[in-house]
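Report on one structure; see the data block that follows.
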Amino acid sequence: MDLIPLKKSFYNRDTVTVAKELLGCLLVHYAPEGLTIGRIVETEAYMQGDPACHASRGMTKRNRPMFGDPGHAYIYFIYGMYYCFNVVTEREGLGEAVLIRALEPLQGISLMQGRRKKEKMTDLCSGPAKLVQAMGIEKSYNGMHLQGNKLFIAPGDKQDPGVIITTTRIGIKAGADLPLRFYIAGSCYISKR
DNA sequence: GTCCTGATCCTCT
DNA sequence: GAGGATCAGGACG
């Protein structure tokens with residue numbers, strides 16, 4: 001399969017479109033310990049005017065990467081223990097992003113199992129904080145662009161990712177009724193609930 | 001400065 | 001199904 005990073009122009013579009021088209025794409029991380037790859041099976045869109053979006057109340061030290069160039073990573077710390085991985089979308093300065101919520105593990109499975117201290121395939125990447133752990137993504141990647149050769153997203157090997165289901169988002173209160181969560185129908189690697 | 005909340009996950013019942 | 005871990009931001013005084 002081709003492991004060529006998606007171009008900046010892919011991300012510099014409507015956030016919902018990017019969130020849908022990221023489904024089926026591959027998240028690739030060349031870590032010192034080895035290569036891990038996961039197929040994106042679940043995303044959520046966070047947009048301007050959305051109370052749940054960190055950027056909805058202007059720029060702060062924490063959310064500054066969200067206002068950067070499209071195609072940058074925005075990684076943020078939550079609940080004192082976990083990190084979530086987002087990709088910045090739309091034009092620079094707008095402050096929109098897509099949260100990667102779940103992956104189907106493809107390569108580096110044993111590495112993921114070691115990092116997660118879990119054996120089951122469905123326990124490796126079935127949640128935003130889990131996949132960050134399994135992929136070995138660190139907070140130092142915050143604000144980094146995804147066109148390099150360490151951490152990036154590549155087009156999926158299949159043209160058609162399958163049927164995309166649109167539902168309301170998970171685990172948030174503000175804006176909970178907005179249909180901004182997308183996942184691949186039938187995948188057993190999504191974060192359920 | 002204090003207080004509260006959260007785009008979570010894990011470990012019990 | 002419920003509660004704890006654990007900390008940075010944001011709201012308020």
Side-chain angles (χ1 to χ4, degrees), chain A residues 11 14-20 22-23 25 27 36 38 40-68 70-90 94-105 112-144 146 151 153 164-184 187-193:
Chain A
Y11 302 105
D14 171 70
T15 301
V16 169
T17 303
V18 176
K20 285 183 186 170
L22 278 175
L23 294 174
C25 291
L27 181 60
T36 45
I40 298 171
V41 294
E42 184 179 349
T43 61
E44 281 179 6
Y46 286 86
M47 313 171 62
Q48 268 305 329
D50 171 6
C53 177
H54 288 178
S56 65
R57 288 189 201 120
M59 195 188 310
T60 65
K61 186 180 174 185
R62 175 214 221 177
N63 66 24
R64 193 177 55 227
M66 281 184 90
F67 292 88
H72 278 233
Y74 170 49
I75 299 167
Y76 101 98
F77 190 54
I78 186 76
Y79 298 115
M81 319 176 75
Y82 296 108
Y83 294 96
C84 294
F85 175 70
N86 300 250
V87 188
V88 177
T89 60
E90 276 281 4
L94 198 61
E96 301 198 354
V98 173
L99 169 72
I100 310 298
R101 284 197 57 88
L103 305 174
E104 172 185 342
M112 292 183 183
Q113 289 169 329
R115 285 175 179 144
R116 292 271 304 126
K117 297 183 172 59
K118 297 279 179 186
E119 294 296 316
K120 277 178 59 181
M121 288 287 286
T122 49
D123 283 341
L124 296 180
C125 297
S126 56
K130 296 181 191 176
L131 69 91
V132 166
Q133 248 184 36
M135 294 290 293
I137 297 171
E138 296 176 34
K139 62 179 183 299
S140 60
Y141 288 106
N142 191 25
M144 191 184 187
L146 297 174
L151 180 68
I153 300 175
I164 295 175
I165 308 284
T166 302
T167 60
T168 54
R169 289 173 298 182
I170 284 187
I172 57 173
K173 291 179 181 171
D177 54 342
L178 297 173
L180 295 174
R181 174 187 180 221
F182 311 99
Y183 64 89
I184 295 178
S187 172
C188 58
Y189 297 103
I190 63 170
S191 66
K192 291 168 186 156
R193 218 194 281 196

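The analysis underlying the following values was restricted to heavy atoms, covering all of them including side chains, and did not include hydrogens, waters or symmetry mates.
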**Fill in**
On DNA chain B, more 5' by nearest nucleotide between A/Ala129 and A/Gly80 is A/Gly80
**Request:** Could you check whether A/Tyr82 gets within reach of a base, just the sugar-phosphate, or nothing at all, counting any heavy atom under 4.0 Å?
**Result:** base
**Request:** Select one nucleotide: of B/dA7, B/dG6, C/dC7, the one nearest the side-chain heavy atoms of A/Phe77.
**Result:** C/dC7
**Item:** Is_stacked (A/Tyr76, B/dA7) at 5.5 Å, 30 deg
**Value:** no
**Request:** Would you classify A/Leu99 as touching base, sugar-phosphate or nothing, given that sugar-phosphate means primed atoms plus P, OP1 and OP2, and contacts are heavy atoms under 4.0 Å?
**Result:** base
**Asked** Hey, does A/Lys117 reach any base, or is it just sugar-phosphate, or nothing, if we go heavy atoms under 4.0 Å?
**Response** nothing
**Item:** Proximity to the side chain of A/Asn86 - top-ranked nucleotide from B/dG6, B/dT11, B/dA7
**Value:** B/dA7
**Message:** Tell me which nucleotide, if any, is Watson-Crick or G-U wobble paired with B/dA7 when both distances must be under 3.5 Å.
**Reply:** none
**Message:** So if I take every side-chain heavy atom of A/Ile172 and compare against C/dA11, B/dA7, B/dT8, which nucleotide ends up nearest?
**Reply:** B/dA7
**Side chain of A/Lys130 (C-beta onward), nearest among B/dC9, B/dA7, C/dT6** = B/dC9
**side-chain N/O A/Arg101 vs B/dT8 OP1/OP2, d < 4.0 Å** = yes
**Request:** Quick one: look up who C/dT6 pairs with, Watson-Crick or G-U, both distances under 3.5 Å, and put none if it's unpaired.
**Result:** none
**Item:** Per A/Arg62 side chain, nearest of listed nucleotides B/dC10, C/dG9, B/dT8
**Value:** C/dG9
